[in-house]
Amino acid sequence: MQIRLFNTMSRKVEEFKPLVPGKMGFYSCGPTVYWDQHLGNMRTFLNNDILKRMFLANGYDVNHVMNFTDVGHLTSDEDTGDDKMEKGAARENMSVWEVAKKYINNCVADMNELNIIPPTVTPRATDHIKEQIELIQKLEKLGYTYEIPGDGIYYDTAKLPTYGELGGQNLSELRGGARIENNNKRNITDFALWKFSPTDTKRQMEWDSPWGVGFPGWHLECSAMSMKYLGDHFDIHTGGQEHIKVHHTNEIAQSEPIVGKPWVSYWVHWAWLVLKDGKMSKSSGSFWTVRTLIEKGYDPMAYRYLVTLGHYRQPVEFSFESLDAAANGYKNIVRRVADIIANKSGELDGAVYDTWHDKLLAPTSDNLKTAETLVVFQELLRDNSVNNATKIALVEFVDRLLGLMFVEHAEKLVAAESEVAPAEIVALAEKRTAAKAAKDWATADALRAEIDAAGWVLTDTPTGPKLTKKA
RNA sequence: GGCCAGGUGGCAGAGUGGUUAUGCAGAGGACUGCAAAUCCUUGUAUGCCGGUUCGAUUCCGACCCUGGCCUCCA
């Protein structure tokens, strides 16, 4: 099926053409592991997952690389910023290495709760210092670097005529809009490739280099690791939209002089999860993680469903009200699917399956319009002309495409509902039936309350009372 | 200040130059002793002002508002 994606570089929705037929390689910027990842971060990882699943559903082999940034970069290119990893270590009374380990584990666990397929490779920046140094050496040889004594090795952005292309800006515009100046940099957009360790304090993370002891600049790792695991050219590079102007622009600047242009075929950027008043952040006190949701009693799939309901280029507004709506909508679908599973009938109808398969896949293949796929999915569920065997196969397909685990959750529901009630509960139900027959509604309702308190739900059906265990 | 993206019903969020997205919530009805589930029906919208057009939510322009980037950020 034709795949289309919005390419930030061209600012247009383009037909996807792989570098190698049947294969798709992509790099997604991963988290800095100095703290837990919040729901906004998770939206990005979910979008990566949806992108990947869409390609898998279209029959591609997908090679997905996501880094973990475990080097503590300064909060600015000046010498004055804090190091986030060192700060995290101080906060938790751990070494920076322990902090990295803890938050990588937490992040992986949260991604797992959201049914995100693990990336093919998850390289860590600190495991690739050698590659990063080699990259600087190549740039140095090509004349793109200069040293600011006592500070670091910098990239001279004036040497690259196309600098800023991704963000649609040129150097003079950037200069005009800049607020902060590093007097030692040749151009305001120049950035550090290698920072020297301070002379007065000892860093926990530092390495030898041809230029002196220090640590790599924060854009460098993505260039080095993407090329190592995906080759000099690859299909897609993704990340949050805030990376367009600086991080990705600088990755391009570091890479294209070495490998030639274009380094990456398609740039895809994810919009924010927003709150009523701005984005999710620690400073505003609105910092929720997947575990927060679980503690509050939400199914992580409710959050995934909320994200799937929106479009990746559009902000999604998060509130517990919108999450409740998504949770209800999700539960309703699981309920329907459970009914379909419990009443499995008919044989798989290949022609009907193919028609719906394509109707479901088409919108998501067209620039990841997952919301439209969900609309088609709702139509499918209520279409009585499709038999249940075929429907189940299609729900399984939607699960592969969108990762929403409808079948798994529905099967759990069916299993819970088919569990046979213990004798004492059955006895209570029989007493209630007798009370009902005698039109003694008070006794009947009291008995039902008693059954409910024991963890079972009694519902009247046309074929008599039915007992189901509470989920 | 510079650049960019948006403003759709109670909520979230699509599509579309002329005919109801969808979901959640709400209302009414069927069924039920009452519930639950299910089914049916249903109301409410396109920031403001101009322009183009037979006709704009959909195209163009101004304005207002919101958000993002410019400094670490998914």
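The structure presented is a predicted model; accordingly, all values stated were derived computationally and were not measured. Per chain, numbering begins at 1; letters A, B, ... match sequence-line order.
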Rounded to whole angstrom, note down the [atom1] distance from [N] over to [M].
{"N": "G6(B)", "M": "U58(B)", "atom1": "C1'", "answer": "15 Å"}
{"N": "U57(B)", "M": "U19(B)", "atom1": "P", "answer": "10 Å"}
{"N": "U16(B)", "M": "A45(B)", "atom1": "C1'", "answer": "15 Å"}
{"N": "U20(B)", "M": "C69(B)", "atom1": "P", "answer": "40 Å"}

- Item | Verdict with reasoning, Arg336(A) to Asp339(A), per salt bridge (Lys or Arg N to Asp or Glu O under 4.0 Å) | CA-CA 5 Å; Arg336(A) 279 171 180 278; Asp339(A) 289 342; over 6 Å; no
- Message: What's Gln37(A) touching, base or sugar-phosphate or nothing? Going by heavy atoms closer than 4.0 Å.
- Response: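 Gln37(A): no heavy atom of the nucleic acid under 4.0 Å.
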- Base, sugar-phosphate, or nothing: which does His247(A) touch, judged by heavy atoms less than 4.0 Å apart?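 Since no nucleic acid heavy atom lies under 4.0 Å of His247(A), the category is nothing.
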- With sequence neighbours excluded, what pairs up with Tyr312(A) under the ring-ring contact (aromatic ring centres under 6.0 Å, His included) test?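 Here the qualifying residues are Trp270(A).
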- Task: Can you spot which of Tyr229(A), Trp263(A), Phe26(A) makes a ring pair (Phe, Tyr, Trp, His ring centres under 6.0 Å) with Phe234(A)?
- Result: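 Among Tyr229(A), Trp263(A), Phe26(A), the one that satisfies the ring pair (Phe, Tyr, Trp, His ring centres under 6.0 Å) with Phe234(A) is Trp263(A).
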Give the table of side-chain donor-acceptor pairs shorter than 3.5 Å for residues 426-433 of chain A, with sequence neighbours excluded, one pair per line with atom names and distance.
residue   : atom : partner   : partner atom : Å
Arg432(A) : NH1  : Asp460(A) : OD1          : 3.3
Arg432(A) : NH2  : Asp460(A) : OD2          : 2.9
Thr433(A) : OG1  : Ala429(A) : O            : 2.9

Rounded to whole Å, how long is the line connecting atom [atom1] of [X] with atom [atom2] of [N]?
{"X": "Trp270(A)", "N": "A5(B)", "atom1": "CH2", "atom2": "P", "value": "18 Å"}
{"X": "Tyr312(A)", "N": "A12(B)", "atom1": "OH", "atom2": "P", "value": "23 Å"}
{"X": "Leu368(A)", "N": "G13(B)", "atom1": "CG", "atom2": "P", "value": "17 Å"}

- Starting at the 5' end of nucleotides 19-37 of chain B, put B wherever the base has a protein heavy atom under 4.0 Å, S where only the sugar-phosphate does, and a dash everywhere else. --BSSSS-------BBBB-
- Results of salt bridge (Lys or Arg N to Asp or Glu O under 4.0 Å) for Arg43(A) - residues two or more places apart only: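 Once residues adjacent in sequence are excluded, Arg43(A) has no partner under the salt bridge (Lys or Arg N to Asp or Glu O under 4.0 Å) criterion.
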- Just need the stems in RNA chain B: three or more back-to-back Watson-Crick or G-U pairs, each with both distances under 3.5 angstrom, sorted by first number.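 Correct response: B:1-7 with B:64-70, B:10-12 with B:22-24, B:26-30 with B:38-42, B:49-51 with B:59-61.
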- Message: Suppose we screen for side-chain contact (heavy atoms from CB on, under 4.5 Å). Which residues come up paired with Glu113(A), at least two apart in sequence or across chains?
- Response: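 Testing Glu113(A) for side-chain contact (heavy atoms from CB on, under 4.5 Å), a comparison that skips the adjacent residues, returns Val290(A), Ile294(A), Pro300(A).
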